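Side-chain atoms are counted along with the backbone in the values below, which use heavy atoms only and exclude waters and symmetry mates. Both counts, for ligands and for their atoms, begin at 1 and track the order of listing. Remember, predicted model here, so these are calculated numbers, not experimental data.
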Amino acid sequence: MNTHPKHIAIIMDGNGRWAKKRLMPRTVGHARGAANVRQIVKAAHAVGLRYLTLFAFSSENWRRPPEEVSALMGLFLQYLESEVAEMKAAGIRLRVIGDRSAFAPLLQSRIDQAERDTAHNTGLHLTIAANYGGQWDVLTAVRAWQAAHPDRSLQELDPAALAMHLSTSDLPDPELLIRTGGESRISNFLLWQTAYTELYFTDLHWPDFDDAALSKALQWYSQRVRRFGRTDEQVQHSSAVEHTPTPDLVIQNGIKIG
Ligand code: FPP
């Protein structure tokens, strides 16, 4: 049986359908989704989770109708403006990953401010992925590695070196990825970082994913056998493996496998 994961990543899907079912505009669904972010961050903090990473806006979400994009940007700004003081007091550290250069200057400066204000907090480490794409993250990491090592050949780049240049380089890989909204795909989220992650899909729409739903996902996770490429027999007979799911940089053959 696994202990609680240290790092959970969530694809918060289903806001639009939540609203449609209630004959309301999609933007109302997003507003309810933002309110639920507050709730789940509190719940995660309360159960002692170390890292929570939320997919708030993908690099593909710019293709949505402009009014919806603008509503999402507004909610993000509002979230930063209303939550950061409380996060600061509660010991939550906030970081944003993704290409923020595409955001309005005001939003960029609020993100910078929020990161500065909470930088020394040591409680829950909340990461919001905004204008984020997993392919972008890997490509950016490769380019950053090359820029940092102009005299070396790409043949020398290995998984551990690449991981050090990902936007999540200071986080352990998530042990559990939750996706709400009934779809079973990764949608260009943490592609590299979820290589060994347990994937949990629920039909609940994001605004309905409450504390009880989080507990159910944790319960499901606790029953998973994590093999990291080994056989069931190896897992059962190796006491070392029984203690493996502490993902803080378990390095094997140079690969971060947590
Ligand atoms: C997917 O639902 C959700 C999003 C694209 C955005 C997620 C945003 C929030 C939860 C609110 C803002 C975030 C923060 C951090 C304050 P969907 O619109 O694709 O739903 P559908 O699949 O039912 O159409």
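- Taking E115 as the reference, R100 meet the side chain to side chain donor-acceptor pair (under 3.5 Å) condition, with sequence neighbours excluded.
- With ligand atoms numbered from 1 in the order given, ligand 1 contributes 17 (P), 18 (O), 24 (O) to contacts under 4.0 Å with heavy atoms of R26.
- Atoms of ligand 1 found under 4.0 Å from any heavy atom of Y79, numbered from 1 in the order shown, are 16 (C).
- Checking W62 against N131 by side-chain atom types alone, a donor-acceptor pair falls below 3.5 Å.
- Using a distance-only test at 3.5 Å, with no hydrogens or angles considered, a donor-acceptor pair links the side chain of R17 to the main chain of G181.
- At a 3.5 angstrom cut-off on N or O pairs, G16 counts as close to ligand 1.
- Here is the list of ligand 1 atoms found below 4.0 Å of a heavy atom in N61: 5 (C).
- For ligand 1 and D13, the ligand atoms under 4.0 Å from any heavy atom of the residue are 1 (C), 2 (O), 17 (P), 19 (O), 20 (O), 21 (P), 22 (O).
- When the shell of 6.0 Å around CD of Q135 is examined, it contains 12 or fewer heavy atoms from other residues, nucleotides or ligands.
- Both Y221 and I178 belong to a single network of hydrophobic side chains, linked directly or stepwise wherever heavy atoms of I, L, V, M, F, W or Y lie under 4.5 Å apart.
- Counting only non-hydrogen atoms, the option in T27, I11, N15 that gets closest to atom 10 (C) of ligand 1 is N15.
- Residue-level proximity to ligand 1 for R38 is absent, since no heavy atom of it falls below 4.0 angstrom.
- Contact atoms of ligand 1 toward A34: 11 (C), 16 (C) (distance under 4.0 Å to a heavy atom of the residue).
- Considering NZ of K216 and CZ of F209, their distance stands at 9.5 Å, rounded to 0.5 Å.
- Distances from ligand 1 to the non-hydrogen atoms of G14 include at least one value under 4.0 Å.
- Close approach of ligand 1 to R17 is summarised as follows: ligand atoms under 4.0 Å from at least one heavy atom of the residue are 21 (P), 22 (O), 23 (O).
- Using a 4.0 angstrom heavy-atom cutoff, R64 counts as in contact with ligand 1.
- Within the structure, every pair that satisfies the side chain to side chain donor-acceptor pair (under 3.5 Å) test and touches residues 23-36, not counting sequence neighbours, is listed here: N15-H30, R26-E68, H30-E68.
- In terms of modelled atom types and a separation under 3.5 Å, the side chain of W206 and the main chain of G33 share a donor-acceptor contact.
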